[in-house]
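In this chain, numbering begins with 1 at the start of the sequence shown.
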Amino acid sequence: MTNIYKAADLIQVVTEGKTPPNCDLTLQIEATYAENGIARGLWKVNEKFINGKGIAMGGYVSSAADIIMAYAISSTLEAQQTFASIDLHTTFHRPVLQGDVLVEAKVDRKGNKIAYIVAELFQNEKKVASVVSSVMIIPD
């Protein structure tokens with residue numbers, strides 16, 4: 001049976017240690033903060049995410065941002081609301097190498113149905129990527 005995570009479930013991952021969604025576990029990313037439209041997480045990049053050029057594949061970088069953006073929007077929703085990304089744009093500033101990557105996300109604007117979230121990823125105190133997402137909010 002598929003477990004559908006609602007806003008409250010993601011917040012409980014951060015506040016109560018609830019088991020995160022499988023995508024978090026697979027990507028080896030841990031959400032460490034989610035409150036008032038801001039979320040942070042730590043992504044552990046190892047050889048599993050490295051492409052043939054010796055850097056993290058861009059899709060993984062975008063996925064790490066998308067995961068932490070989910071925590072950011074969850075921190076602004078009612079407990080039973082859910083959401084889905086409908087658009088995702090990533091700009092790469094530097095290559096992501098093996099090691100820790102800090103992911104920070106912020107809800108930039110939120111309407112009744114659409115929210116705009118921005119994320120930045122940092123490695124060794126340098127910005128490696130910026131991500132902008134439109135997220136559709138679907139009230140239950």
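- In terms of hydrophobic clustering, with Ile, Leu, Val, Met, Phe, Trp and Tyr side chains grouped at heavy-atom distances under 4.5 Å, Leu27 and Met57 are assigned to a common cluster.
- To the nearest 0.5 Å, atoms OG (Ser133) and CD1 (Ile86) are separated by 8.0 Å.
- Between the CZ atom in Phe49 and the OG1 atom in Thr26 there is a gap of 8.0 Å [rounded to 0.5 Å].
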Take Ile50 and Val45, measure what side chain to side chain contact (heavy atoms under 4.5 Å, CB included) needs, and give me the verdict at the end.
CA-CA 8 Å; Ile50 303 301; Val45 178; 4.1 Å; yes
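- Listed for the Asn124 side chain is no donor-acceptor partner under 3.5 Å among the backbone atoms of Lys126.
- Looking at heavy atoms from C-beta onward, Trp43 lies in side-chain contact with Val96 at the 4.5 angstrom threshold.
- In plain terms, the two heavy atoms of Ala65 and Leu121 that are nearest each other are CB-CD1, 3.9 Å.
- The side-chain hydrogen bond (donor to acceptor under 3.5 Å, both in side chains) analysis of residues 96-110, with sequence neighbours excluded, yields the pairs Lys44-Asp100.
- Residues Leu97 and Gly54 approach most closely at CD2-O, 3.9 Å, considering heavy atoms.
- Two residues are said to be in side-chain contact when any heavy atoms from C-beta on lie closer than 4.5 Å; His93 and Val128 fail this criterion.
- Residue Ser85 holds its OG atom at 3.5 Å from CG of Asp66, rounded to the nearest 0.5 Å.
- A donor and an acceptor atom, one from each side chain of Tyr5 and Asp24, are nowhere located under 3.5 Å apart.
- Two residues are said to be in side-chain contact when any heavy atoms from C-beta on lie closer than 4.5 Å; Ile11 and Ser75 meet this criterion.
- Thr76 OG1 to Ile117 CD1: the interatomic distance, rounded to the nearest 0.5 Å, is 7.5 Å.
- Linking ILVMFWY side-chain heavy atoms closer than 4.5 Å, directly or via other members, places Tyr116 and Met136 in a single hydrophobic cluster.
- Taking every heavy atom of both residues into account, Leu10 and Ser74 meet most closely at CD1-OG, 3.3 Å.
- Residues Ser130 and Val118 form no side-chain contact, since every pair of their non-hydrogen atoms from C-beta on lies 4.5 Å or further apart.
- Summarising the geometry of Val14 relative to Ala31, their closest heavy-atom pair is CG2-CB, 3.7 Å, with the distance given to 0.1 Å.
- The shortest distance between side-chain heavy atoms of Tyr60 and Val101 does not fall below 4.5 Å.
- Note that the CD1 atom of Ile68 and the CG atom of Leu42 stand 9.0 Å from one another [nearest 0.5 Å].
- Applying the 6.0 Å contact sphere to CZ of Phe92 captures more than 12 heavy atoms from other residues, nucleotides or ligands.
- To the nearest 0.5 Å, the span separating CG on Leu102 from NZ on Lys127 amounts to 12.5 Å.
- Shortest non-hydrogen contact noted between Pro95 and Gln123 is O-OE1, 4.1 Å.
- Side-chain contact check for Val131 versus Leu88: some heavy-atom pair is nearer than 4.5 Å.
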